[in-house]
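Notes follow once the structure below has been shown.
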2 protein chains.
Amino acid sequence: MARPTLKDVADRVGVSAKTVSNVVNGTGWVTAELRERVQVALVEVGYRPNAAARQLRSGRSGMIALAVPELSQPYFAELAASLVREAQGRMITVLVNQTDGLADVERKISEGIGATAVDGIILSPLALSASDLEGRRDGTPLVLLGEHIGTSTFPHVTVDNTAAAKAATQHLLSIGCRRIAAIGAQDHGPNETALLRLAGYRAALEEAGIPVDESLILPVDGFHRADGARAARTILSSGLRPDGIFAFNDLLALGAMHALAAAGVGVPDDVAVIGFDDIEEGQYSTPTLSSVSPNTGELVATAIDLLLAQPPEPGMHTVGFTITHRASTKGPAQ
Amino acid sequence: MARPTLKDVADRVGVSAKTVSNVVNGTGWVTAELRERVQVALVEVGYRPNAAARQLRSGRSGMIALAVPELSQPYFAELAASLVREAQGRMITVLVNQTDGLADVERKISEGIGATAVDGIILSPLALSASDLEGRRDGTPLVLLGEHIGTSTFPHVTVDNTAAAKAATQHLLSIGCRRIAAIGAQDHGPNETALLRLAGYRAALEEAGIPVDESLILPVDGFHRADGARAARTILSSGLRPDGIFAFNDLLALGAMHALAAAGVGVPDDVAVIGFDDIEEGQYSTPTLSSVSPNTGELVATAIDLLLAQPPEPGMHTVGFTITHRASTKGPAQ
DNA sequence: CGTGTGTCGTTCAACGTTGAACGAGAGGAC
DNA sequence: GTCCTCTCGTTCAACGTTGAACGACACACG
């Protein structure tokens with residue numbers, strides 16, 4: 001009844017447990033005839049290797065952990081889906097955690113996932129800053145998603161947020177927008193992504209010779225649809241009259257579009273909207289949403305490569321992006 | 001440099017490894033004074049228990065696996081988010097897998113997650129039927145999400161799909177709809193969820209004395225937005241002229257609404273739409289989407305309870321649902 | 001005939017932890 | 001003084017696996 005072990009198989013064939021181990025792992029020397037017999041016995045008893053014993057002996061678990069703020073956010077869900085798929089292809093299983101963007105949860109995770117040992121940790125931090133990781137003692141490889149200002153001893157993978165934000169803003173400029181609002185600035189909290197995207201927005205305007213109107217930069221509490229809707233309502237009620245909106249992620253953009261539609265403001269006719277992340281939902285919204293499309297496949301593959309890289313390669317690794325052009329930015333110019 | 005073990009801590013304090021183990025786990029007898037000294041040493045060396053050794057010894061891993069068709073589908077992402085949160089509260093970590101709805105992947109997962117031992121498996125099957133699980137040898141507890149026709153030796157947790165579908169259809173009837181289309185039937189493949197929801201749809205119509213028009217039942221290949229859009233275009237091009245649509249999940253509904261909007265058909269004025277799952281996206285679509293809201297929190301809590309229940313309690317366990325009423329079903333009657 | 005070289009399989013020990021069994025000493029009861 | 005109980009801590013073995021080291025046997029070469 002108990003789960004069969006190597007020894008059970010070995011006794012049945014009349015060899016040593018180690019020989020069965022060799023057959024299972026393809027190590028050592030085993031004659032074809034014997035290997036055949038062992039393999040038959042393996043399926044007969046339904047042998048399955050004991051992961052715990054294997055890990056205890058080898059030090060490797062075949063698992064990596066992913067920690068994101070919230071899995072229910074489509075961008076993180078799609079990221080997780082992509083990572084799990086990539087990992088499955090490499091015979092690695094993924095353990096998922098949620099941090100809710102809380103700094104102490106993020107720090108705790110960076111120091112190990114509960115009691116479970118993993119071969120590496122991929123962390124998408126919201127609140128954690130570089131200094132929080134200085135005191136880290138756990139030796140588990142760690143890869144961070146997203147940029148961080150300041151040097152860090154850990155590898156980072158990210159799209160070039162500033163360049164991408166700049167390109168998104170330039171796309172709005174290219175269709176004739178001149179009063180472009182930015183939704184997603186964050187006054188408090190060290191959300192560096194927001195800072196970097198804001199920098200890209202500013203850079204695009206400056207390069208185009210358009211003065212930055214600070215009142216067009218709208219702060220948000222979070223990056224959810226409700227925050228975008230709230231920001232759009234602020235825009236409407238304060239008479240700012242922008243002709244374009246760059247939202248720092250797609251959820252903000254979708255929330256904003258929802259509020260605009262409710263107020264009878266037409267997108268893209270009255271105001272063009274572009275988001276960031278290119279989540280699937282944006283292909284089916286009304287109107288469909290233009291967005292910055294980070295190369296997620298490259299992102300997750302790079303993250304795993306870096307996690308398993310020996311020796312570790314600290315530093316920033318950027319992946320590509322494209323601007324996906326949909327109905328929400330079909331301006332008068334087209 | 002190597003990770004400290006119980007023995008390292010023990011040597012430092014001058015006691016046996018077992019005593020340190022007792023302090024860590026609160027077992028056995030240790031004087032307050034000695035416990036204090038051990039605890040100081042524990043933090044000094046930064047001891048972290050070795051999960052593999054613990055699991056090898058105790059047989060428990062503190063991990064459960066969740067397998068869903070696709071994590072990128074909002075319903076499953078929200079389900080996973082809810083499950084991870086519930087599990088974290090119980091000091092359990094969750095390992096996530098994707099099956100792509102393929103029967104052989106689902107079967108493989110039901111027989112163990114790769115090489116990794118877990119304390120239990122929660123599987124949301126698409127293609128797998130009860131008979132596929134007969135030959136299961138692995139003793140890991142298994143809980144299935146979703147209903148299955150026919151008896152099964154495993155616990156199931158689900159909303160009552162037929163009752164919920166009936167309620168959704170009745171909601172459309174209550175606002176005056178009389179020609180109600182159903183999007184989501186599946187001709188081939190054993191998607192029992194689709195069958196059950198279709199049965200609820202039929203039951204509601206029959207009870208209202210409305211003959212079922214088979215041409216209003218639209219089959220789909222999958223449950224994505226694109227399938228819903230395709231079905232809506234079929235409706236438009238074939239001149240079926242329904243006044244209500246019950247889509248078997250929210251993605252189908254959102255895809256359908258998108259196609260309707262593109263064709264200039266007004267929702268809810270020309271046709272009312274209701275979905276199933278109540279994903280967050282439906283609160284921000286244009287118009288907002290009415291839907292069946294399964295009690296996901298109860299669902300995941302029940303699933304974990306059943307997974308850990310000793311002895312196992314096979315059979316069907318249903319959780320509640322409500323009909324959430326939004327703009328897409330604000331009919332002329334309101 | 002000794003000395004390599006290659007093939008095939010074995011035994012041994014160890015990974016870090018914890019249940020079981022076993023003292024050792026103190027205190028009380030008879 | 002003997003027996004019992006209670007407290008506090010120890011030693012031992014085992015969970016299932018695999019790297020390292022070690023035969024044993026066959027064949028070829030000088």
Side-chain angles (χ1 to χ4, degrees), chain A residues 1-39 41-42 45-63 112 114-119 138-140, chain B residues 1-39 41-42 45-63 112 114-119 138-140:
Chain A
M1 200 56 221
R3 193 163 166 158
T5 73
L6 284 180
K7 179 142 197 332
D8 297 330
V9 179
D11 289 349
R12 177 176 256 260
V13 182
V15 294
S16 74
K18 177 68 207 195
T19 298
V20 181
S21 169
N22 284 335
V23 171
V24 171
N25 299 300
T27 52
W29 296 110
V30 186
T31 50
E33 185 268 342
L34 180 54
R35 173 165 45 239
E36 181 66 27
R37 276 168 52 216
V38 170
Q39 268 159 349
L42 281 171
V45 307
Y47 172 76
R48 299 186 59 75
N50 179 317
R54 217 173 230 191
Q55 180 184 351
L56 179 59
R57 187 70 182 104
S58 68
R60 303 215 153 277
S61 67
M63 297 187 302
T116 313
V118 292
D119 293 343
D138 191 275
T140 311
Chain B
M1 202 55 223
R3 191 163 167 158
T5 73
L6 285 179
K7 179 145 198 335
D8 296 330
V9 179
D11 289 348
R12 177 177 257 259
V13 182
V15 296
S16 73
K18 177 68 205 191
T19 298
V20 180
S21 168
N22 284 336
V23 171
V24 171
N25 299 300
T27 52
W29 294 109
V30 186
T31 51
E33 186 268 343
L34 180 52
R35 173 164 46 240
E36 181 67 27
R37 276 169 50 216
V38 170
Q39 268 159 350
L42 282 170
V45 307
Y47 171 77
R48 299 186 60 76
N50 179 316
R54 217 173 227 189
Q55 180 183 350
L56 179 60
R57 186 65 200 156
S58 68
R60 302 216 153 277
S61 67
M63 297 187 301
T116 313
V118 293
D119 293 344
D138 193 276
T140 311

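Chain letters run A, B, ... following the sequence lines, proteins first, then strands; residues in each count from 1. Basis for what follows: all heavy atoms, side chains included, without hydrogens, waters or symmetry-related copies. None of these values were measured; they are calculated from a predicted model.
Using a 4.5 Å cut-off on side-chain heavy atoms (C-beta onward), B:Asp8 and B:Thr5 make contact. Side-chain contact between B:Asn50 and B:Arg3: absent, with no pair of heavy atoms (C-beta onward) separated by less than 4.5 Å. Considering only heavy atoms from C-beta on, A:Leu34 comes within 4.5 Å of A:Val13 through its side chain.
When all heavy atoms of B:Leu56 and A:Ala52 are compared, the closest pair comes out as N-CB, 3.8 Å. In plain terms, the two heavy atoms of B:Arg35 and B:Val23 that are nearest each other are CG-CG1, 4.0 Å.
Among pairs with a residue in residues 9-25 of chain A, those fulfilling side-chain hydrogen bond (donor to acceptor under 3.5 Å, both in side chains) read A:Lys7-A:Asp11, A:Arg12-A:Glu44, A:Ser16-A:Thr19, A:Ser21-A:Asn25, A:Asn22-A:Thr27, A:Asn25-A:Arg54, at least two apart in sequence or across chains. Here salt bridge (charged side-chain N to carboxylate O under 4.0 Å, His left out) pairs that include residues 23-33 of chain B, with residues two or more places apart or in two chains, are B:Glu33-B:Arg37. The salt bridge (charged side-chain N to carboxylate O under 4.0 Å, His left out) contacts involving residues 19-32 of chain B comprise nothing, where partners must be two or more places apart or lie in separate chains.
Computed from C1' positions of five pairs at each end, the angle between the two local axes of the helix from C:dC1-D:dG30 to C:dC30-D:dG1 equals 70°, rounded to 10 degrees.
For C:dG9, one of the phosphate oxygens OP1 or OP2 lies less than 4.0 angstrom from a side-chain nitrogen or oxygen of A:Thr31.
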Can you check nucleotides 22-27 of chain C for protein contacts, nitrogen or oxygen pairs under 3.5 Å, and list what you find?
none

Stepwise, does the side-chain contact (heavy atoms from CB on, under 4.5 Å) test hold for A:Tyr47 with A:Val24?
CA-CA 10 Å; A:Tyr47 172 76; A:Val24 171; 4.2 Å; yes
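Note on B:Ser16: a base of the nucleic acid sits closer than 4.0 angstrom, heavy atoms only.
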What string of B, S and - do you get for nucleotides 12-27 of chain D, 5' to 3', if B is base contact, S is sugar-phosphate-only contact and - is no contact with any protein heavy atom under 4.0 Å?
--BBBBBB--------
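Here the CD atom belonging to A:Gln55 is positioned 7.5 Å from the CD atom belonging to B:Gln55, to the nearest 0.5 angstrom.
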